[in-house]
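Report on the following structure.
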Amino acid sequence: YSNKAVMYSNKFNLSDGLIAHYEFEDNANDSSGNGNDGVEYGGVEYVDGVIGKAAKFDGMDDCILGDASTFPSGGSERTVCLWAKSNDIN
């Protein structure tokens, strides 16, 4: 056991294969430049986040949907990354 962090330095392009990137800076626009903007439903709010803004959902009917035809489906490989904070988990 060690309390030292291990850092790896690899050069790679984060945009390689990127389909969409949502920063939620007061909107659900795709920041990747690919035009895969989300559509807000149910009164999504934008609030201060850890870095910039964040989308806040009421847990009832809020959501952001995108065009499913632009995203991988079925058994296609994909990676999804997100930060989430919940005030109540039931």
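Quick note: numbers below take in every heavy atom, side chains included, and nothing from hydrogens, waters or symmetry partners. Starting from 1, each residue takes its place in the sequence as its number.
With sequence neighbours left out, S76 forms a side chain to side chain donor-acceptor pair (under 3.5 Å) with no residue at all. Take E40 and apply the side chain to side chain donor-acceptor pair (under 3.5 Å) test, not counting sequence neighbours, and it matches Y46.
Taking both residues in full, the closest heavy atoms of I64 and A55 are given as CD1-CB, 4.3 Å, listed atom of the first, atom of the second, then distance. S32 approaches A20 most closely through the heavy-atom pair OG-CA, 3.9 Å. Taking both residues in full, the closest heavy atoms of G43 and D62 are given as O-OD2, 3.5 Å, listed atom of the first, atom of the second, then distance.
Remark: the backbone N or O of K53 is paired with a side-chain donor or acceptor of E25 at under 3.5 angstrom. When atom types are taken as modelled, the side chain of D30 and the backbone of H21 share a donor-acceptor pair closer than 3.5 angstrom. With hydrogens and angles disregarded, no donor-acceptor distance shorter than 3.5 Å links the side chain of N34 to the backbone of N36.
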Between Y41 and D61, does a side chain to side chain contact (heavy atoms under 4.5 Å, CB included) hold up when you go through it step by step? CA-CA 7 Å; Y41 295 95; D61 62 353; over 6 Å; no

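One finds the CG atom of D48 at 13.0 Å from the CD1 atom of I51 (value rounded to the nearest 0.5 Å). In this structure, S31 OG and F24 CZ are separated by 9.0 Å, a value rounded to the nearest 0.5 Å.
One hydrophobic cluster, built from ILVMFWY side chains closer than 4.5 Å, cannot hold both L18 and Y22; they sit in different ones. Placement of V39 and F71 in two distinct hydrophobic clusters is found when ILVMFWY residues are connected by side-chain heavy-atom separations under 4.5 Å, directly or transitively.
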